[in-house]
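Report on the following structure.
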Amino acid sequence: MKKIKLSREIRVGIMTIVAIFLLYFGLNFLKGIDIFTPINYYYAVYNDIDGLVPSSPVFIKGYKVGQVEEIKYDFLKDSPFVVKISVSKDIKLPKESIVELFDDGLMGGKAIQLVNVQQSQEDVFYQSGDTIKSQIGSGLMDQLAGDLMPKLDVVFEQTDSLIRSVRLLIDGGSVQKSLLAIEKTTSDLSESSAAIKKIIKNDMPQLINNVQDITSDFKIVSSNIKNIDFANTFQNLDVTIKDLKQISGKLNSNEGTIGLLLNDKTLYVNLSNMSKSGDELLVDLKKSPKRYVHFSLFGTKDK
């Protein structure tokens, strides 16, 4: 098989064509254009495009479906700007569709969105190259201003009322009295802090020493209590209680002298009679002592 030899000029031409294709593809890729996707072109007319530029995106409900391809102007016409947009060929636009220019973000960028694109079986669709009705949507800043202005009015009114209230407080002397009260309170706190510091410095060491002494005494008492033989003590106490119980039983019985004395009525009667007889004897002794005792200086006489 014979090899085909290409001249230098043919090879340079081929490389040039490839480079041009790559350049074209790269530029369109950077612009967001997919050259392999079929698209339709539509036109819209505006009095003012407010900074819209080629390659600005085209959205349907926030989804990008194309971009602005070209902007032409003729200031001799009432609506000088003609905007050419490209939209994916699989998206059909009914006759009720509108090309709306709107703010794309807070930085002031402009974009195109297609509204009223709901379809039904009876719809008639635009063809590629048709001019679609256009409108300018309210800007994002306008919407924010419309939403915020009533709230700002309320805030301003409340701020004005607050300023008047503060002014009344200042003019009425309430703030000055409050500051004087705060100053007095601060002074009292300073004095209290000094007193507490003095107590901590002078009395706390002695108090801590006393607590330590008490703790030491408790340790000694605890040690002594620990050394007590509670078992032996309780045993001795039990024996003592038993002895007392036995003594109490004997006292309640007729056994023994103390039991008889406490429980035998006869002994009590005899003792009572003996006491009575002794009392009568003493009375008689006082009345007639000579009957019982004889005194004589010369001796006794025998009767």
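Between the side chains of Q67 and S55, no donor-acceptor pair is found at a separation under 3.5 Å.
Distance check, rounded to the nearest 0.5 Å: CD of E96 to NZ of K133 gives 8.5 Å. Here the CD1 atom belonging to I49 is positioned 9.0 Å from the CD1 atom belonging to I112, to the nearest 0.5 angstrom. The CD1 atom of I91 sits 9.5 Å away from the CG atom of N40 when rounded to the nearest 0.5 Å. Note: K198 NZ to I196 CD1 = 13.5 Å, rounded to the nearest 0.5 Å. The structure places NZ of K61 at 12.0 Å from CG of L114, a figure rounded to the nearest 0.5 Å.
In this structure, I214 belongs to a hydrophobic cluster whose other members, linked by side-chain heavy atoms under 4.5 Å apart, are F218.
Take D160 and apply the salt bridge (Lys or Arg N to Asp or Glu O under 4.0 Å) test, not counting sequence neighbours, and it matches R164. Among residues two or more places apart in sequence or in another chain, the side chain to side chain contact (heavy atoms under 4.5 Å, CB included) test is passed with D243 by V239, Q246. The side chain to side chain donor-acceptor pair (under 3.5 Å) check on D279 picks up nothing, with sequence neighbours excluded. E280 pairs by the side chain to side chain contact (heavy atoms under 4.5 Å, CB included) definition with K276, not counting sequence neighbours. In terms of the side chain to side chain contact (heavy atoms under 4.5 Å, CB included) criterion, residue partners of K92 (sequence neighbours excluded) are, by chain and number, Q119, F125. When the salt bridge (Lys or Arg N to Asp or Glu O under 4.0 Å) test is applied to K245, no partner is found at least two apart in sequence or on another chain. Evaluation of the side chain to side chain donor-acceptor pair (under 3.5 Å) rule for N273 yields no partner, not counting sequence neighbours. Under the side chain to side chain contact (heavy atoms under 4.5 Å, CB included) criterion, T240 pairs with L244, sequence neighbours left out. Not counting sequence neighbours, the partners of Q113 by the side chain to side chain donor-acceptor pair (under 3.5 Å) test are E100. Among residues two or more places apart in sequence or in another chain, the side chain to side chain donor-acceptor pair (under 3.5 Å) test is passed with S79 by N47.
Between the side chain of S56 and the backbone N or O of L52, no donor-acceptor pair lies under 3.5 Å. With hydrogens and angles disregarded, a donor-acceptor distance shorter than 3.5 Å links the side chain of T215 to the backbone of V211. Judged purely by atom type and a 3.5 angstrom limit, S187 has no side-chain atom pairing as donor or acceptor with the backbone of E183. No donor-acceptor distance shorter than 3.5 angstrom exists from the side chain of S88 to the backbone of I39, with no hydrogens or angles considered.
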Report task. Show the numbers, then the answer: is there a side-chain contact (heavy atoms from CB on, under 4.5 Å) between V68 and V83? Result -> CA-CA 7 Å; V68 175; V83 178; 3.8 Å; yes

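Side-chain contact between Y46 and V99: present, with at least one pair of heavy atoms (C-beta onward) separated by less than 4.5 Å.
Note: the hydrophobic cluster containing V115 does not contain I60 (ILVMFWY, side chain heavy atoms under 4.5 Å, direct or indirect links). Grouping the Ile, Leu, Val, Met, Phe, Trp and Tyr side chains by contacts below 4.5 angstrom, directly or via other members, places V117 with V58. V53 and I85 fall into different hydrophobic clusters, where Ile, Leu, Val, Met, Phe, Trp and Tyr are joined by side-chain heavy atoms under 4.5 Å apart, directly or via other members. Under a hydrophobic clustering in which Ile, Leu, Val, Met, Phe, Trp and Tyr are joined whenever their side-chain heavy atoms come within less than 4.5 Å, directly or via other members, Y43 and I136 fall into different clusters.
Residues Y41 and K84 come closest through the heavy atom pair CD2-CE, 3.3 Å. Scanning both residues, I98 and N116, for their nearest heavy atoms gives CD1-ND2, 3.6 Å. Between P57 and A111 the shortest heavy-atom distance is O-CB, 3.6 Å. Heavy atoms only, all atoms of each residue included: K110 and G51 are closest at CG-C, 4.2 Å.
Checking each of T131, V87, I132 against Y126 for a side chain to side chain contact (heavy atoms under 4.5 Å, CB included) leaves exactly one that passes, namely I132.
Less than 6.0 angstrom separates the ring centroid of F75 from the ring centroid of F81.
Pairs engaging residues 188-197 under the side chain to side chain donor-acceptor pair (under 3.5 Å) rule: K184-D188 [sequence neighbours left out].
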